[in-house]
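Numbering of ligands and ligand atoms starts at 1, following listing order. Index from 1, following the sequence.
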Amino acid sequence: MKEQNLEAHFQAKIDAEIKIEPKDWMPDEYRKTLIRQISQHAHSEIVGMLPEGNWITRAPSLRRKLILLAKVQDEAGHGLYLYSAAETLGADRGDLVLQMLNGKAKYSSIFNYPTLNWADIGAIGWLVDGAAITNQVMLTRTSYGPYARAMVRICKEESFHQRQGYEIMLAMSRGSEEQKQMAQDSLNRWWWPSLMMFGPHDGESSHSEQAFKWKIKRKSNDELRQQFVDATIPQAGLLGLTVPDPALRWNAERGHYDFSPINWDEFWNVVKGNGPCNRERIAARQKACDDGAWVREAALAYAEKKEQKQIGARQTAAA
Ligand code: FAQ
């Protein structure tokens, strides 16, 4: 088939809601966009283990420690499913990790903020996982098969994470006055960065238009952000906590909450590497990469030796 026909056939499949699979023909730009988005998503899951991992040794009880360990492990699993999905597009996992370490590939802005008190673990589960699911439920219907299927499992786990975070916030907001203050303080610090997670306003989102055409994305950054705000405000009310936005109010005409403008200077500053913890996060991932080098080398040497043995056995059998 000619390039033009291939492209028309590809778009017709997308329009008919038929998933694109790894061996199907796809435009180079579709492949590139997916590798960019999936790998950035994978990096976010892996870097996202750091702020919470920081509290595993200081969880207030054995029960909380077990739950947090399981959650952080889940995030590692999400990173692995996503790197595997990117590999089905021909990307090399080592190259992708290198791009994250040298700053060429992004990861979610949210993970460049520090976790200062135990309530932050609750706020991350409630708000950060809550925002992540809002965006990711749409991705279970994304057009690329391996990504869509990975997202089904990830969303199930993220919804458990969201509930465990909310449960921590509930316990703290019903605890002593000091615990309630800690919960309020963490809501104050995580609220705006959580809204920033959805990415720039629709008019500023460089990839959205094409991503819609290819059904990689099905809802816009602003639509998802509004959906998250609308779902989260009543939850804050149940906790008895105040969302740090004086302009927040229900708009009956729109059927949505209105909220203040986002500080996009802060967002881009964090995305460009100047957030409170960007350097610390990259240094931690670089150290993990260096410390694990011998394991990768040993595994590769073993795999090579095994392959050589198999080739030798096949040659003997054929002789
Ligand atoms: N941070 O044109 P758009 C999680 C970049 S997972 C940094 O709108 P797009 C689980 C964007 O990459 C959280 N950069 O881009 C968890 C692009 O730059 P580029 C991550 C951002 O792709 C919980 C530029 O701005 N989730 O939290 C951000 O169409 C707890 C222009 O933006 C995913 O990755 C940002 N927040 O839409 C783990 C979901 N937003 O690449 C541990 C999959 C935008 O041209 C603990 N990704 N940028 O250099 C997506 O759905 C999309 O990629 C969006 C951005 C919606 C994030």
Residue shell around ligand 1, heavy atom under 4.0 angstrom: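 R36, Q37, Q40, H41, S44, E45, G48, E52, K71, E75, K106, Y107, S108, S109, F111, V128, D129, A132, N135, Q136, L139, Y147, E158, M196, M197, F198, G199, P200, S205, S206, H207, K217, N221, F267, W268, V271.
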Using ring pair (Phe, Tyr, Trp, His ring centres under 6.0 Å) as the criterion, list what pairs up with F228, not counting sequence neighbours.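 Once residues adjacent in sequence are excluded, the partners of F228 under the ring pair (Phe, Tyr, Trp, His ring centres under 6.0 Å) criterion are F198.
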With sequence neighbours excluded, what pairs up with H256 under the ring pair (Phe, Tyr, Trp, His ring centres under 6.0 Å) test?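 With neighbours one apart ignored, the set is empty.
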Show me the donor-acceptor pairs within less than 3.5 Å that the side chains of residues 305-319 make with the rest of the protein, sequence neighbours left out.
{"residue": "T316", "atom": "OG1", "partner": "G312", "partner atom": "O", "Å": "2.7"}

Sole residue of I14, L89, L6 in side chain to side chain contact (heavy atoms under 4.5 Å, CB included) with M26: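 Exactly one candidate clears the test, L89.
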Do NZ/NE/NH1/NH2 and the carboxylate oxygens of R63 and E167 come within less than 4.0 Å?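 Result for this pair is yes, salt bridge flagged.
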Does the side chain of Q99 pick up a donor-acceptor pair with the side chain of D95 at under 3.5 Å?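 Side chains of Q99 and D95: no pair found under 3.5 Å.
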